[in-house]
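Comments concern the structure below.
Quick caveat: nothing in here was measured; it's all calculated off a predicted structure. One-based numbering along the sequence shown.
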Amino acid sequence: MLKDEFSSIKEAINNSLDYDIIITSGGASKGEADYMSEVLNSLNFKPLFSSIDARPAKPTKCYKKDNKLIFVLPGNPMSCLLATYIAVIPYIKRVAGWSNYMLESQIAKFKGNLKLKASRANIVIGQANNGEFRATNNNIYSPSMIKPISLSNFIYISDIGQSEICDNQEIKIYKIS
């Protein structure tokens with residue numbers, strides 16, 4: 001755990017540059033003490049992407065310098081874990097030479113009705129059993145919570161522009177446990 005101080009974060013990153021991939025959690029947003037982008041820019045890292053257009057993993061960032069890669073994940077536990085599943089793990093598997101590096105997927109029938117914000121992709125956490133997918137707690141949670149994701153074994157990632165999922169609609173879900 002680091003202090004939210006520019007110099008402490010810069011020193012920790014400098015001391016970690018023996019590694020090919022560095023994964024951090026926290027400091028990814030735009031708060032007054034979120035220094036990761038500023039530190040990485042000062043070390044001449046270039047952004048590969050500055051966010052994921054999906055709730056709750058949006059603040060996820062990735063930077064590169066030479067053969068070094070740094071993932072900057074959100075500090076909220078659920079956001080961090082979901083960003084790890086959808087961005088970090090597939091990337092690491094891909095560079096390690098795995099031919100099947102994406103999350104395992106399947107088609108399931110959604111049980112229930114769920115409204116979504118159409119302005120972004122929405123990550124819906126839930127349980128899949130016998131070809132049916134149900135949103136955990138009707139997809140009501142805070143990104144700071146860990147219990148809802150511990151009760152879930154699959155996620156659904158909506159398309160941008162999708163405003164709802166209807167009962168018995170066939171959807172593609174991804175295994176997370």
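Among Phe71, Phe49, Tyr101, the single residue meeting the ring pair (Phe, Tyr, Trp, His ring centres under 6.0 Å) criterion with Tyr91 is Phe71. Checking each of Ser50, Pro74, Ser51 against Thr60 for a side chain to side chain contact (heavy atoms under 4.5 Å, CB included) leaves exactly one that passes, namely Pro74.
Within 6.0 Å of NZ in Lys175 there are more than 12 heavy atoms belonging to other residues, nucleotides or ligands. Heavy atoms of other residues, nucleotides or ligands lying less than 6.0 angstrom from NZ of Lys65 number more than 12. When the shell of 6.0 Å around NZ of Lys93 is examined, it contains more than 12 heavy atoms from other residues, nucleotides or ligands.
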Exercise for the section: Determine, stepwise, if the pair Tyr63 / Asn41 fulfils side chain to side chain contact (heavy atoms under 4.5 Å, CB included). Expected result: CA-CA 9 Å; Tyr63 288 80; Asn41 288 331; 4.0 Å; yes
Practice task
Quick one: do Phe45 and Lys68 satisfy side chain to side chain contact (heavy atoms under 4.5 Å, CB included)? Show the steps, please.
Solution key: CA-CA 9 Å; Phe45 278 83; Lys68 307 294 180 187; 4.0 Å; yes
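A salt bridge does not link Lys109 with Glu170: none of the charged nitrogens is closer than 4.0 Å to a carboxylate oxygen.
Side-chain contact between Asn122 and Leu114: absent, with no pair of heavy atoms (C-beta onward) separated by less than 4.5 Å. Using a 4.5 Å heavy-atom cutoff, the side chains of Lys58 and Asp53 are in contact.
Both Ile176 and Leu73 are assigned to one and the same hydrophobic cluster, defined by single-linkage of ILVMFWY side chains at heavy-atom distances under 4.5 Å.
Closest approach of Val39 to Lys10, counting heavy atoms only: CG1-CA, 3.6 Å. For the pair Ile173 and Ala128, the tightest heavy-atom approach, listed with the atom from each and the gap, is CD1-CB, 3.5 Å. Residues Ala57 and Ile123 share a closest heavy-atom pair of CB-CD1, 4.2 Å.
Residue Ile70 holds its CD1 atom at 7.5 Å from CG of Leu43, rounded to the nearest 0.5 Å.
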